[in-house]
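Every chain is numbered from 1 and lettered A, B, ... according to where its sequence line falls, protein lines coming before strand lines.
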Amino acid sequence: MEALIWTVFDFLLITAMLALGWSALSTHSLRRGIALFIAFGLLLSLVWVRLRAPDIALAEAAIGTGLTGALLLAALRDEESAAGAASTEKPKNTIADYLLIAATVILALILGWALIDALMNRQYSGLANEVFTQLDRSGVTNPVTAVLLNFRAYDTFLELAVLLVAVLGIRSLNVSRRPYLKAGLVLSGLTVWLVPVLIVISAYLLWVGAHAPGGAFQSGAVLAAAGVLLRLSGYHGAGLPARIVIRRALMIVGVLVFAIIGLGLMVLGRGFLEYPLAWSGSLILGIETAATLSIAVTLIMAFLAGETGRAGNQEDSSC
Amino acid sequence: MAEYIAMALITTGLIFFIAGSIGLLRLPDLYTRLHALTKADNVGLGMIVLGLAIISGDLITTFKLLLVWLFVLASSAASAHLIAQRARRRERGLWKP
Amino acid sequence: MIDALIWVILIPLLGGLVAVLFPRIAGITGILSTAGMVFACLVLIKLVADSGPQVYLVGGWSAGLGISLYADGLSSLFLLMTAMIALAVSIYASSYFRQSHLRLHYWPLWLLLLSALSALLLASDLFNIYVTLELLGISAVALTALDGKRPAVEAAVRYLVLGLLGSLGFLAGVALLYAAYGSLDLATLATRIQPGAASWAAAALMTAGLMIKTALFPMHFWLPPAHANAPAPVSAALSALVVKAAFYLVLRLWLDLFGVSLSGGVSTLIGLLGAAAVLWGSWCALQAERLKVLAAYSTVAQIGYLFIFLALILEMPVGIPRDEAIAGLMLMALSHGFAKSAFFLSTGIIQQRQGHDRIKELAGAVQGMPVTTFTLALAGIALIGLPISGAFLGKWQLIDGALYLHDWLLALVVLAGSLLASAYIFRVLGQAFGNSPYPTKVLSIGMQEIPAMVLALIATLVLGLASGPIWPFLEVTVMSGRAGM
Amino acid sequence: MLSVQMIYGLAGVLLFTFALRVALSQVAFLRRVLAINVAGAGLFLVFISAAYKGAGQPADPVPHALVLTGIVVAFSATALAIALARRLHRPSDDD
């Protein structure tokens with residue numbers, strides 16, 4: 001009986017997700033497309049929870065839907081003010097489109113067949129048991145954080161560099177957005193009350209990451225949400241430090257701490273990012289705190305499109 | 001016994017959600033829809049949170065669930081107000097994009 | 001000593017961070033970091049030459065669980081090329097960007113691009129390769145759109161969209177391989193992979209994704225606007241390094257992972273696409289109005305040669321002719337890298353001095369900038385593949401390999417491509433000779449002309465005459481074969 | 001366990017291919033950015049469904065870490081794409 005309930009639930013969840021995904025991409029009005037995309041992202045977080053991936057659900061809701069959605073809506077606001085009316089073009093299907101549809105149907109069939117073949121006769125189960133046997137030597141008990149910050153720490157190191165490069169690229173384009181108007185009573189009331197709570201939650205998420213779903217990326221995203229909320233309610237600096245030098249330092253602190261700890265361990269004769277067993281817990285926490293700070297600052301600057309805001313001195317138009 | 005109370009609470013909560021969505025589809029203009037959504041969904045969520053708290057039993061999860069409910073209440077009330085305010089201004093032609 | 005692998009990645013990365021924090025000393029940090037990178041690469045080459053391929057387990061975990069870096073003959077030679085070109089471009093850029101406000105944004109992005117390149121050339125874990133590909137793509141796009149003018153930003157937008165689609169294709173392949181064989185490490189996957197639907201689809205997807213990134217013929221339309229509109233030092237790096245790093249990945253995947261069991265009909269397809277790229281790229285280069293567009297289309301053609309080479313290697317049975325072919329491919333890739341970067345750098349000098357790079361109005365360039373035109377001529381020799389250049393030896397091996405496989409069509413295409421290449425190079429050189437009697441002064445901008453000339457000299461003289469040691473170096477390391485380890 | 005992996009994996013493939021079609025067709029730039037995000041989500045679904053080990057056992061954490069990295073990389077690419085689009089709509093002051 002219970003299996004039946006689960007299959008019905010799976011069926012409903014998948015059809016809802018596919019329907020949302022399909023409609024987000026094929027509605028005529030871009031504004032409705034973005035709204036549906038945000039709904040799709042939230043439903044996707046539900047799918048991650050269903051597939052027993054709570055860390056991904058947190059990150060999907062915070063970064064994949066929340067911040068990406070905020071970014072898209074801000075982009076829409078600029079595009080609409082530039083283009084006047086909301087863009088409601090009806091894409092007419094040319095022959096190229098039909099060809100493309102045929103090609104993607106074939107691709108879908110090939111990929112589906114390949115996936116079924118991969119899952120059916122699968123001799124090697126993934127790296128799960130390797131991770132669980134080594135888990136006690138990783139310094140944290142949450143397996144995803146162990147993989148992210150110990151076993152595959154080099155991946156996370158490069159990924160923080162990707163985030164940094166993206167923001168450096170945005171900064172060089174110098175496309176700062178018009179600041180928002182001073183918020184009315186309700187929004188500023190909400191902001192004054194919500195922002196401190198968001199900061200506490202982000203600290204909690206950072207701390208809990210060691211033994212339960214959470215960690216640097218989720219807490220960085222929540223901190224960035226506080227910054228975005230400040231920005232929306234009229235605080236131009238969006239909570240970022242006013243002085244340019246501090247802002248630059250915060251941008252790179254995540255990658256820098258990673259590199260310094262890696263090099264420090266090499267000086268002590270161990271490999272790059274090869275944590276000694278005794279300190280690995282605290283080293284990971286140190287890296288995570290620095291990563292949270294730089295993730296939050298870079299995500300906020302991505303939303304601001306790199307503008308320093310009125311508070312920053314105008315030595316150069318972007319920090 | 002607690003199971004059944006929780007079950008009852010959650011189903012009534014669901015009924016409120018369904019009422020909210022029907023309100024969204026059927027009601028004529030923006031303001032009434034906003035009204036339906038924020039009112040019905042928040043009560044529905046309150047019911048579900050209560051039901052889940054009973055099922056979970058321990059205090060910390062109950063507190064977290066209440067926190068979730070508080071956040072949804074605050075954000076949906078604030079956003080409903082903002083949407084309504086923007087619609088009012090647009091009607092009176094005050095709004096400049 | 002094995003830490004050289006990590007230092008090659010860390011030096012430019014730390015340089016980039018310093019350049020973000022202290023923009024005033026960004027130029028010097030850039031030059032010092034690239035010099036450090038060259039030194040680390042030389043140490044690495046010596047290490048690989050003495051004791052064979054090096055594996056570095058990052059974080060001390062075994063290859064299955066953790067990520068391992070791998071340096072063999074192929075990757076360390078590409079790394080050395082990257083480091084040397086990077087040093088020359090950095091010296092060039094420190095004077096090219098001296099006045100402009102772009103200096104603040106150029107150096108951090110450039111140094112992070114270099115660390116992405118070295119991380120990619122040393123990666124041996126599939127998902128790690130995906131992350132380095134993204135890091136490379138995003139920094140290249142940011143650099144392309146650096147001067148913020150409309151054509152550059154439009155080219156950067158198209159480059160980003162196609163780059164993301166390429167990375168998604170690659171990631172789809174990684175997902176299938178992990179679902180089927182439960183590992184991400186190249187060495188373990190090479191032992192586990194068998195021909196089947198999953199490995200076929202993964203090979204097709206990954207190769208298609210990387211073909212977009214190398215701008216192979218049908219998917220090349222994003223490259224000319226991007227490379228032509230980017231600032232000169234950026235387009236030199238894009239053409240010589242970024243596009244070639246993606247080709248290196250195709251080579252690595254087909255030699256190590258998919259090679260044995262899956263080549264089949266794929267090599268004929270790759271050969272055909274390569275041939276089409278050679279002909280189409282050279283033909284468009286002949287029509288190009290501007291020097292930079294000509295250089296960009298010549299990159300499309302040169303990538304075509306490399307893919308023809310790959311098709312031949314896949315068809316050859318393992319043995320001496322195959323090692324020769326791989327060494328020949330290596331020589332062509334290296335000499336194109338040096339020659340193309342020299343070509344773009346000297347085009348940048350012409351553009352800065354004369355305000356434009358239209359080929360028709362180049363008259364008098366020889367008199368005004370004799371050294372720059374000399375570098376253009378040297379680079380042209382290496383691009384065509386005339387005798388004293390690495391490309392000549394490479395093309396010799398290419399035609400030799402094609403004849404070995406009795407593939408007359410490919411040999412014909414290579415000859416036709418070289419003919420077209422000489423046509424468009426001599427068209428440029430012909431325009432450069434003006435009528436004013438004698439050169440006013442030899443060196444117009446030392447800091448910019450000398451690095452460009454050194455690169456061109458490496459492409460022609462060093463690779464042409466002194467490329468002896470490459471053969472044993474390549475054969476010892478690449479042929480030892482990763483799967484056996 | 002296998003059927004759950006299969007259903008969600010195939011749903012991921014469907015999402016990926018459909019979003020790829022929209023991303024490749026000539027539509028407004030913001031819509032193509034949306035399509036690339038949805039395609040990425042489809043791929044992540046294939047990853048995580050392969051990692052699902054049934055209701056009882058904990059799932060394989062390695063794909064979870066990969067998808068987390070993927071989400072952040074996707075965000076950075078989207079942020080850069082949107083900034084580039086803004087630059088196109090707004091001729092810069094020094095033009």
Peer 1: Report the residues that fulfil side-chain hydrogen bond (donor to acceptor under 3.5 Å, both in side chains) with A:Trp113, sequence neighbours left out, ordered by chain and then residue number.
Peer 2: none

Peer 1: Which atoms of D:Leu84 are under 4.5 Å from chain A, going by heavy atoms: the side chain, the backbone, both sets, or neither?
Peer 2: both

Peer 1: Which residue out of D:Ile82, D:Val33, D:Val46 racks up the most heavy-atom pairs below 4.5 Å with chain A?
Peer 2: D:Ile82

Peer 1: Does the A:Arg52 side chain pair with the main chain of D:Ala55, one donor and one acceptor, at a distance under 3.5 Å?
Peer 2: yes

Peer 1: Please confirm whether the backbone N or O of A:Gly33 pairs with a side-chain atom of D:Arg31, one donor and one acceptor, at under 3.5 Å?
Peer 2: no

Peer 1: Using a 4.5 angstrom heavy-atom cutoff, name the option from A:Asp55, A:Leu72, A:Thr156, A:Leu58 with the most pairs to chain D.
Peer 2: A:Leu72

Peer 1: Go through the steps to decide whether A:Asp155 and D:Leu66 satisfy the test side chain to side chain contact (heavy atoms under 4.5 Å, CB included), and finish with yes or no.
Peer 2: CA-CA 9 Å; A:Asp155 257 355; D:Leu66 305 185; 4.3 Å; yes

Peer 1: State the CG-OG1 distance between A:Leu67 and D:Thr78, to the nearest 0.5 angstrom.
Peer 2: 11.0 Å

Peer 1: I need the minimum non-hydrogen distance between D:Gly9 and A:Leu115, along with the two atoms involved.
Peer 2: C-CD2, 3.4 Å

Peer 1: With respect to chain D, which residue among A:Trp6, A:Trp48, A:Phe11 yields the maximal number of heavy-atom pairs within a distance under 4.5 Å?
Peer 2: A:Trp48

Peer 1: Return the minimal non-hydrogen interatomic distance between D:Val72 and A:Glu159, and the atom names on each side.
Peer 2: CB-OE2, 2.9 Å

Peer 1: Quick one: does A:Phe40's side chain get under 4.5 Å of D:Asn37's, heavy atoms only?
Peer 2: no

Peer 1: Report yes if the side chains of A:Leu13 and D:Tyr8 come closer than 4.5 Å at any heavy-atom pair, otherwise no.
Peer 2: yes

Peer 1: Checking D:Phe44 against chain A: side chain, backbone, both or neither under 4.5 Å from a heavy atom?
Peer 2: both

Peer 1: Taking atom CG of D:Leu68 and atom OG1 of A:Thr145, what is their separation to the nearest 0.5 Å?
Peer 2: 9.0 Å

Peer 1: Going by the side chain to side chain contact (heavy atoms under 4.5 Å, CB included) test, name the single residue among A:Ile14, A:Leu111, A:Ile116 that passes it with D:Leu10.
Peer 2: A:Ile116

Peer 1: Go through the atoms of D:Ala74 and report whether side chain, backbone, both or neither lie under 4.5 Å from a heavy atom of chain A.
Peer 2: neither

Peer 1: Going from OG1 on A:Thr104 to CG on D:Leu24, what distance comes out if it is rounded to the nearest 0.5 angstrom?
Peer 2: 8.5 Å

Peer 1: Which pair of non-hydrogen atoms, one from D:Ala41 and one from A:Leu44, has the smallest distance, and what is that distance?
Peer 2: CB-CD2, 3.5 Å

Peer 1: Which one of A:Ala75, A:Gly169, A:Ala221, A:Ala146 has the most heavy-atom pairs closer than 4.5 Å to chain D?
Peer 2: A:Ala75

Peer 1: Is D:Val4 close to A:Leu51 at the side-chain level, that is, under 4.5 Å between some pair of heavy atoms?
Peer 2: yes

Peer 1: Looking at D:Leu20, D:Val67, D:Ile7, D:Leu30, which has the largest count of heavy-atom pairs under 4.5 Å with chain A?
Peer 2: D:Leu30

Peer 1: Ignoring hydrogens, what is the shortest heavy-atom contact between A:Ala108 and D:Val13? Give both atom names and the distance.
Peer 2: O-CG1, 3.8 Å

Peer 1: Take D:Phe75 and A:Leu299 through the test side chain to side chain contact (heavy atoms under 4.5 Å, CB included) and record every step on the way to the result.
Peer 2: CA-CA 9 Å; D:Phe75 174 82; A:Leu299 293 180; 3.1 Å; yes

Peer 1: Report the option among D:Ala19, D:Pro58, D:Ala51 that has the most heavy-atom pairs separated by less than 4.5 Å from atoms of chain A.
Peer 2: D:Pro58

Peer 1: So, do A:Leu148 and D:Thr69 sit near enough that their side-chain heavy atoms are less than 4.5 Å apart?
Peer 2: yes

Peer 1: Report which part of A:Ala74 has an atom under 4.5 Å of a heavy atom belonging to chain D: side chain, backbone, both, or neither.
Peer 2: neither

Peer 1: Between CG of A:Leu25 and OG of D:Ser25, what distance do you get to the nearest 0.5 Å?
Peer 2: 9.5 Å

Peer 1: Return the minimal non-hydrogen interatomic distance between A:Val47 and D:Leu45, and the atom names on each side.
Peer 2: CG1-CD1, 3.7 Å

Peer 1: Got D:Phe18 and A:Leu18 here, is their nearest side-chain heavy-atom distance under 4.5 Å?
Peer 2: no

Peer 1: Counting N and O atoms only, with roles assigned by atom type, does the side chain of D:Arg21 sit under 3.5 Å from a partner on the main chain of A:Ile101, one being a donor and the other an acceptor?
Peer 2: no

Peer 1: Would you say the side chain of A:Arg50 lies within less than 4.5 Å of the side chain of D:Tyr52, judging by non-hydrogen atoms?
Peer 2: yes

Peer 1: Residues of residues 59-66 of chain A under 4.5 Å from chain D (heavy atom pairs)?
Peer 2: A:Ala59, A:Glu60, A:Ile63, A:Gly64

Peer 1: Tell me, side chain or backbone of D:Val22 under 4.5 Å from chain A's heavy atoms, or both, or neither?
Peer 2: side chain

Peer 1: Which atom names give the shortest non-hydrogen contact between D:Pro61 and A:Val131, and what distance separates them?
Peer 2: CG-CG1, 3.5 Å

